[in-house]
Amino acid sequence: MRLTFLLSTTLLVGSLVWGCAEEGTPARGTTGGNSEVDDAGDSDDSDDTKTDSASPGSGKKDAGRVDAGKVTADAGKKPTDTTGKDAGPSAPKDAATSDAGGEVATFEGPFTLPDFANLAPPLGEPLDPKASSKVTPAAPTGWVWYDIPGAICRDGSPTGFYVHFAESDSLLVYLEGGGACTSPGFCAYNPKNVNQVLSGDGQTLIGSVGGATSGRQQPGKDGIFALGNAQNPFKDWSMVYIPYCTGDVHFGTRTNVMVPGVDEKQQFVGYRNMEKFVARLAPTFQDKAKQVVLTGASAGGFGASLNYSLVQDTFKDARVMALDDSGPPFPDKIEPVCMQKKWRELWGFADSFPKDCKECQQADGGGLGNFGVFLQKKHPNYTFASLSSTQDEVIRSFYAPGLDNCSGFDTGDPATAVLFSFPAEQYTEGLLASRAQYLPSKAFASYYINGAGNKTYHQHLWRPRFYEAAQGNVTIAAWVKDFISGKMTQVGP
C-alpha cells in the first residue's frame, strides 16, 4: 500500500530522518575496515594539484587561506559543472550559473553575535591522551576510545567517541549515520548501541535493508579516514569519530519514549550526548584549534548541520565549518511539513533547536529548512558545504513517509521500502532550491553528483570515491580542500 511504501521507503534505509539509511557503518564493521576500502595510499586524485591551499594558521594572507579566524574566499572564476562548462539550464539562475564576483567573503570575528542565546554547555575536564578507555575490539591504529559519563544510546547502554590526536591547529569532528527510529521496522534497522552496525554497504536501497547486525562502530580506513593518503585534506588533522546509536539524527532530547509497536522504551538523547561530548572536546582542543570542521554522512550529515550552533558556541575562539554528506535539509515545499512535525514530537526537537530561532519552529510543525538562515544571522562566519548525489535513492526513501500526508509514518518497514521512492526530480529540485537559497551568502559550497552510475548513490566522504572525480573532472577531495581553505565552489548541475 502507498502508505507502507511511504514510510518504509523514506525511513527505509534507516537513514530516516535526515540521515536515511545510513551507511557505511556496517561496512566498517568490527575491524574498522570497509568492504570498498583501498589501502591508504592507493587512491589517485589527479586534480588535487589544482587546489592551492595552506594549513589553517599558516599566517599567509592569500585569498582562500584560513588565518587565525580570518578567511578570504576567492571565487574569481565563474563556477562550472563537472564537465568544465557553465552550469546547465536546469540550475537556478542564481545558483551554479552565477558569477560569484571575485572574493566571496572576508570573515573576521566574532564567531557568535552577542544578541543570540549561547548554547555552550559547562566545560568538563580535557581528555588525557594517555588515559583513554578500554574498548573491545581494540581501537583502529592511531585512534583511542573514551567513554563519556552520562552519554547513552537509545537502549540505555553507555557510549562515547574515538579520537585521533595530531600536532595540528585543525580539528575534524565526524558524526556517524545509520538510520533512525520511528516505527517497529525502522527501529529494528537502526543500531541501538555502539556494538551494532548496518549490514551491507549503505550505498543503495537494496544494499541497506539488512538492518542492524553485530559489529563495533569505529572509523574506517578510506576517504577522510585514510590518514596515510597524501591527497586527504584532513590527513594531518586531529579527528573525532562519534558513533550513532540514538536513532534521532544526533539531535534528540527525550528519554523513556514509547514508539508505537516497539516494546522497549527509547532514549532519544543525541543532542544531550553532543552537549556532553563538546564539553570534553573543547577544553582538549580549543587552545590550539583555529579551525573545526563538523561533518557527517546521512543521519550524521543532518546531525552536523543541526549541531553546528552548539559546536561553534562551545569552540568560541575557533572558526567552525559544516560539511554535510548525503543529509541535505530541504525547504518546506520539498520536505513534508507533517514529517517535520512528527520528528519534532517524537525526538524532542523543541528542546534542541535554539529558542531564539523562531523561524525554525512554526505552528504547523515546519521550518526546519529555515535553520540555515538563522545560523547565518547568529554566526557571521557560518560556512556550509553540501555533498549529495542528485537522485540519492536512500535519502529519497527517507522523504517518502511524508507522502499522502504522512499516512504511513507509523508503519514503515525497510523490507518494502525498496519498492517505492520519493520522486527523483523532486529531490533534485530540493538540492537546487537549497543552493539558490544559500548561494547569495557567498559562504556556501556544493558538489552535486549527476553522472550516470553515481547520481543515485548514498554517502561519499568515507568511500574510495572521495578521491575520484565523481562529477566531471573535479574530485570530491579537491572540492573539500577548496572548501576548508575558504573557496566556495559549486560543482554539478
Pick from [options]: which one makes a side-chain contact (heavy atoms from CB on, under 4.5 Å) with [X]?
{"X": "Phe466", "options": "Thr475, Asn232, Asp325", "value": "Asn232"}
{"X": "Tyr146", "options": "Val163, Leu281, Val240", "value": "Val163"}
{"X": "Ser434", "options": "Pro328, Ser386, Pro331, Ser446", "value": "Pro331"}

Indicate yes or no for a side-chain donor-acceptor contact from [X] to the backbone of [Y] under 3.5 Å, with no hydrogens or angles considered.
{"X": "Trp347", "Y": "Cys181", "result": "yes"}
{"X": "Gln312", "Y": "Ala318", "result": "yes"}
{"X": "Arg435", "Y": "Gln490", "result": "no"}
{"X": "Ser157", "Y": "Cys153", "result": "no"}

Shortest non-hydrogen contact from [X] to [Y]?
{"X": "Val194", "Y": "Pro158", "answer": "CG2-O, 4.3 Å"}
{"X": "Ala443", "Y": "Met488", "answer": "C-SD, 3.6 Å"}
{"X": "Gln217", "Y": "Cys245", "answer": "NE2-CB, 4.5 Å"}
{"X": "Pro219", "Y": "Phe225", "answer": "CB-CD2, 4.1 Å"}
{"X": "Ile152", "Y": "Gly156", "answer": "CG2-O, 3.8 Å"}
{"X": "Asn454", "Y": "Ala470", "answer": "ND2-O, 3.4 Å"}

[atom1] of [X] to [atom2] of [Y]: how many Å apart, nearest 0.5 Å?
{"X": "Leu227", "Y": "Asp236", "atom1": "CG", "atom2": "CG", "answer": "9.0 Å"}
{"X": "Phe349", "Y": "Cys360", "atom1": "CZ", "atom2": "SG", "answer": "12.0 Å"}
{"X": "Phe409", "Y": "Phe186", "atom1": "CZ", "atom2": "CZ", "answer": "9.5 Å"}
{"X": "Glu345", "Y": "Arg254", "atom1": "CD", "atom2": "CZ", "answer": "9.0 Å"}
{"X": "Arg463", "Y": "Ile224", "atom1": "CZ", "atom2": "CD1", "answer": "12.5 Å"}
{"X": "Thr284", "Y": "Leu127", "atom1": "OG1", "atom2": "CG", "answer": "3.5 Å"}

### Message
Let's go through Arg396 and Thr456 carefully: what are the C-alpha distance in whole Å and the side-chain angles of both, what is the deciding distance for side-chain hydrogen bond (donor to acceptor under 3.5 Å, both in side chains) to 0.1 Å, and is it a yes or a no?
### Response
CA-CA 9 Å; Arg396 281 163 51 205; Thr456 62; over 6 Å; no
Non-hydrogen side-chain atoms of [X] and [Y] separated by less than 4.5 Å:
{"X": "Asp222", "Y": "Trp462", "answer": "no"}
{"X": "Val293", "Y": "Phe234", "answer": "yes"}
{"X": "Lys192", "Y": "Gln196", "answer": "yes"}

#### Entry: Candidate pair Gln267 and Asp155, rule side-chain hydrogen bond (donor to acceptor under 3.5 Å, both in side chains), full reasoning
CA-CA 6 Å; Gln267 312 305 317; Asp155 67 355; over 6 Å; no
### Task
Apply the side chain to side chain donor-acceptor pair (under 3.5 Å) test between Arg154 and each candidate in Asn190, Thr246, Thr159; give the one that qualifies.
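Going through the options one by one, the only one that passes is Asn190.
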### Task
Could you check His458, Gln459, Arg465 and say which one makes a side chain to side chain donor-acceptor pair (under 3.5 Å) with Gln203?
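Of the listed residues His458, Gln459, Arg465, the side chain to side chain donor-acceptor pair (under 3.5 Å) partner of Gln203 is Arg465.
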Run the ring-centre check on [X] versus [Y] and record whether the distance is less than 6.0 Å.
{"X": "Phe165", "Y": "Phe285", "result": "yes"}
{"X": "Phe251", "Y": "Phe353", "result": "yes"}
{"X": "Tyr162", "Y": "Trp145", "result": "yes"}

### Ring geometry between Phe371 and Phe374 (parallel below 30°, tilted from 30 to 60°, perpendicular above 60°)
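Phe374 vs Phe371 ring planes: parallel.
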#### Entry: Parallel, tilted or perpendicular: ring planes of Trp143 versus Tyr241, cut at 30 and 60 degrees
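Plane angle over 60°, so perpendicular.
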### Query
With distance as the sole criterion, is a donor-acceptor pair present between the side chains of Thr489 and Tyr447 under 3.5 Å?
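The answer is no; no qualifying pair exists.
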side-chain contact (heavy atoms from CB on, under 4.5 Å) with [X]: which residues, sequence neighbours excluded?
{"X": "Thr428", "value": "Thr390, Gln391, Leu432"}
{"X": "Asp313", "value": "Thr112, Asn118, Leu119, Ala120, Ser309, Lys378, His379"}
{"X": "Ala188", "value": "none"}

### Query
Considering residues, nucleotides and ligands other than Lys455, do more than 12 of their heavy atoms fall under 6.0 Å from its NZ?
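No, because the 6.0 Å sphere around NZ of Lys455 holds 12 heavy atoms or fewer from other groups.
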